[in-house]
Amino acid sequence: MSEETKPLNFIEHIIEEDLANGLPKEKLRFRFPPEPNGYLHIGHTKAIGISFGLGEKYNAPVNLRFDDTNPAKEEQEYVDAIKRDITWLGYQWENELYSSDYFQKLYDWAAQMIKDGKAYVDSQSSEAIREQKGTPREVGTNSPFRNRTIEENLDLFQGMKDGKFEAGEHVLRAKIDMEDPNMLMRDPLMYRVMYAHHHRTGDDWCIYPMYDWTHGESDYIEQISHSLCSLEFKPHRKLYNWFREHVYDYAKEELPMPPKQREFARLNLSYTIMSKRKLLRLVEEGKVTGWNDPRMPTISGLRRRGYTPNSIRQFIDKVGVAKRENVIDVSLLEFCVREDLNKSANRVMAVLEPLKVVITNYPEGKEEWLEAENNPEDDNAGSRKVPFSREIYIEKEDFKEEAGNKFFRLKLGGEVRLKNAYIIQANNVVKDSDGNITEVHCTYSTDTEKRVKGTLHWVSVPHAIKAEVREYDRLFIDESPDSHKDKDFMAFVNPNSLKIRTGYLEPSLAEAKVGEQFQFQRLGYFNVDNDSKSGALVFNKTVGLRDSWAKQKPKNQNDVVTERSRSAKQPQQKRKAISVIQQFGKKYTNLPEEKQQKVKAEIQSLAKDVPYEDLEALFGTAVKKAGTRIAVMIALKEQLKNGLQRNENIDAFITKAKDDKNELLVDEANGI
RNA sequence: UGGCCCAUGGUGUAACUGGCUAACACAUCGGUUUUUGGUACCGAAGAGUCUAGGUUCGAAACCUAGUGGGCCAACCA
């Protein structure tokens, strides 16, 4: 019921308004209309979330309708994949429908349009038709076939359907206006001849209807109340309405609801691309292993990577719906999975970059099975046993011979807690001939009540099981890879987006099943990849834990991620004096008087650091921003006092200020 | 020498449709708790709402002009 307090997005406002204007709630009906020509990606999830979300909110049916009017590109495989993905996301459609189900009805209506003089058969080449269309800036010209008789049109259209013509010989066009500023209205094509096998209608048809004609009328046939799509279809709305109005005349008795199309901005995610065609290139050129590669922004890729349906739905919810172009930061998506997995994923221990620790005062051959909590966030998660022995692995980066006191992990002479086990102290190290540390010798203490700052994860060497662990980095090194006009997006592919290593895992993981998700303690969330075979597990890193330590430590040269995120985080840094003055100015008029005096003094001292040009740039500040003008005036006065020469601009600024409504400003101006 | 759409902290969305100090989330920074440098909790910084005019007692919202960005010329959807 928290929805009641949640503000509505613009589409919900429209629906509420329609409801308020008398649209019965039972008439609400939505649809998600994919073309089965590729896999769904995270961008589609927004459209899915909007329409299905509305269905849930208003308890209205939502159809899944495949817009399958181009047999050259569409396949059953994609239909199956789309259904699988939507179901996985947890949505239920009312009816599974296909535009191809309406081919006969659309044909009949088209014939009716011909009879009404609203459509005609054109017999020109596609090039000729394109030329006559004009450009966005120049109007088009009429086809020489535009004024064929109704009989001739009917006859030709029938012939098209009957397979009497070659592909490309004739098309059916709506007769609208070749001079309309909206190019879609310049006699758009309704049908083309196409001898292709359709995944559902087989070879029944050799003419296929175009998108604009089919899509809108499919909505109408299904009595969709609100037909929601992305922004690039905005210009289509005029045509959508034109077709709808004509067909409405033919069918208003059986089909009383004329649907309305509304458009929202599609989702863009930073560091990735959202175009089926471009994603296909990644697949074809071998940059990824397939549509479901865990680095892909496809739903199947995200699923394999370990993203949960709930996390994706949360993400879509948080992203919101509006009409402006946007690029969502991937960190929001990552936040959503962490939030979800934090509650559900059992904690286990795994070491990915092992360093051997020998506990010298622990008896050789001894082992203990210690109790470990599965999930502190879930009281019902229970516990398991983990084996402890004389030799364990810890993470290489958890040990340093020497380190400052901000390093909470293990160092020589220092103590650290082993998660679920004892406290150890590092005494000395063993090195190889190159000086690399190969072992750390420690002693342990059973006093686990002791307060120590750091806690490490670890795995018993003799009990550890090995597994392949795949870690992923973003697929592109550029925040917006396909927005560069001069560079192909492929130039930004991150060569290091996959890192494979061998992990050492606690033995309880031997039973892990494909798809199962875990938190590798202190590292991140991982799931079992479907490449796993019995005895040869493969894990995907879904996302790392938040790591406030990584932010502090100096950057590590081979860590692409931290380097990049570092450089990406530059906006909030040292501020110029002038911007601080502006800042003060904004608040100035709202401050109590004694605070004003303080701020004034601050501005005066800052004025010394401001180049005059910066100040002058603010002389044109809008009249209503009195505070800013006051601050500028104070700074200016200070500079004049320090020898700045008056000039025309300064005089004009002061003169104008003296006439201002704001008394504070007038006072300052007069004080000069 | 076109038409349409858009413009609010670094990012994404709000603002009861013209009315309190412009709100929320992510990101950032700081603190408390903690057997995960996680989680949780508390706090901070960051926006006079693209610019300039106008309407109004009052504008992020309405009007005008400008600036910037996006979309539109497939027998694709």
Side-chain angles (χ1 to χ4, degrees), chain A residues 6-9 13 33-35 37 67-70 72-74 122 125-126 129-131 133-140 167-168 170-171 180-184 186 189 191-194 208 210-212 214-215 229 231-238 263 265 270 276 318-329 331-336 338-339 342-343 347 349 373 376-377 406-409 417-421 423 448 452-457 519-524 544-552 568-572 583 585-587 590 620 622-625 627-628:
Chain A
K6 211 181 157 188
L8 305 179
N9 65 47
H13 278 297
E35 182 189 13
N37 69 341
D67 269 352
D68 55 349
T69 57
N70 185 2
K73 290 187 180 174
E74 295 150 7
D122 199 346
S125 67
S126 58
I129 291 176
R130 181 164 10 104
E131 276 168 34
K133 263 214 170 136
T135 70
R137 287 158 176 268
E138 304 160 58
V139 298
H170 302 290
V171 290
D180 197 294
N182 182 334
M183 291 200 62
L184 288 154
R186 326 243 256 233
L189 269 64
Y191 279 92
R192 76 283 212 188
V193 175
M194 201 175 187
Y208 288 94
M210 301 290 291
Y211 166 81
D212 287 293
T214 313
H215 182 86
C229 61
L231 238 37
E232 68 269 26
F233 290 94
K234 176 69 218 276
H236 293 249
R237 186 149 118 194
K238 194 171 179 187
E263 311 81 11
S270 62
K276 281 190 214 169
K318 287 188 196 302
V319 153
V321 182
K323 283 205 274 197
R324 71 177 140 163
E325 297 292 329
N326 58 79
V327 181
I328 314 285
D329 200 318
S331 66
L332 182 61
L333 220 206
E334 295 180 342
F335 167 81
C336 293
R338 286 196 194 103
E339 190 182 41
N342 176 48
K343 286 177 237 145
R347 274 62 170 167
M349 293 196 285
E373 193 183 13
E377 305 294 320
K406 286 181 95 178
F407 182 80
F408 303 160
R409 288 106 102 138
R417 182 188 303 279
L418 294 175
K419 180 82 188 169
N420 304 315
I423 286 169
T448 56
V452 288
K453 190 74 178 160
T455 301
L456 305 187
H457 62 277
Q519 185 196 95
F520 287 4
Q521 223 141 189
R522 301 210 304 135
L523 296 176
L545 257 29
R546 272 188 78 219
D547 188 352
S548 44
W549 167 244
K551 286 173 192 161
Q552 292 180 31
K569 275 173 206 150
Q570 276 173 355
Q572 301 173 331
Q583 184 66 44
K586 287 172 184 176
K587 296 178 177 167
N590 294 334
V623 184
K624 61 184 170 187
K625 297 179 187 171
T628 304

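Residue numbering restarts at 1 for every chain, and letters A, B, ... go by the order of the sequence lines. Keep in mind that what you see is a predicted model, and the values were worked out from it rather than measured.
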Task: Pairing residues for A:Asp212 by the salt bridge (Lys or Arg N to Asp or Glu O under 4.0 Å) criterion, not counting sequence neighbours - done: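 Result, salt bridge (Lys or Arg N to Asp or Glu O under 4.0 Å) vs A:Asp212: none returned.
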Open item on the list: With a cut-off of less than 4.0 Å, is there a side-chain N or O of A:Arg546 near OP1 or OP2 of B:rU39?
Closed with: yes
Open item on the list: Can you tell me if A:Lys323 touches the phosphate of B:rC6, counting only side-chain N or O atoms and a distance under 4.0 Å to OP1 or OP2?
Closed with: yes
What nucleotide, of [options], holds the atom closest to the side chain of [X]?
X	options	answer
A:Leu545	B:rG38, B:rG12, B:rC26	B:rG38
A:Lys419	B:rA27, B:rU36, B:rU13	B:rU36
A:Arg522	B:rC26, B:rU35, B:rG37	B:rG37
A:Lys234	B:rC4, B:rC26, B:rU13	B:rC4
A:Phe407	B:rG12, B:rU36, B:rG37	B:rG37

Contact class for [X] vs. all strands (heavy atom < 4.0 Å): base, sugar-phosphate, or nothing?
X	value
A:Arg237	nothing
A:Lys406	base
A:Val452	nothing
A:Val139	nothing
A:His457	nothing

Open item on the list: Strictly under 4.0 angstrom, non-hydrogen atoms only: write out the protein contact profile of nucleotides 69-77 of chain B, one letter per nucleotide from the 5' end, B, S or -.
Closed with: -SSBBSBSB
Task: Geometric class of the A:Tyr211/A:His236 ring pair [parallel <30°, tilted 30-60°, perpendicular >60°] - done: perpendicular
Task: Donor/acceptor link under 3.5 angstrom from A:Arg338 side chain onto base of B:rG38 - done: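 Check fails, no donor-acceptor contact within cut-off.
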Open item on the list: Regarding B:rU36, can its base be found pairing with the side chain of A:Gln519 as donor and acceptor, where the two atoms are less than 3.5 Å apart?
Closed with: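 Such a pair exists between side chain and base.
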- [ ] Indicate yes or no: at least one non-hydrogen side-chain atom of A:Leu456 is less than 4.5 angstrom from one of A:Arg522.
- [x] yes
Open item on the list: Determine whether A:Glu377 and A:Arg347 satisfy the following criterion, side-chain contact (heavy atoms from CB on, under 4.5 Å), listing intermediate values before the conclusion.
Closed with: CA-CA 10 Å; A:Glu377 305 294 320; A:Arg347 274 62 170 167; 3.8 Å; yes
Open item on the list: In this structure, which stretches of RNA chain B are paired as stems of three or more consecutive Watson-Crick or G-U pairs, both distances less than 3.5 Å?
Closed with: B:2-7 with B:67-72, B:10-13 with B:23-26, B:28-32 with B:40-44, B:50-54 with B:62-66
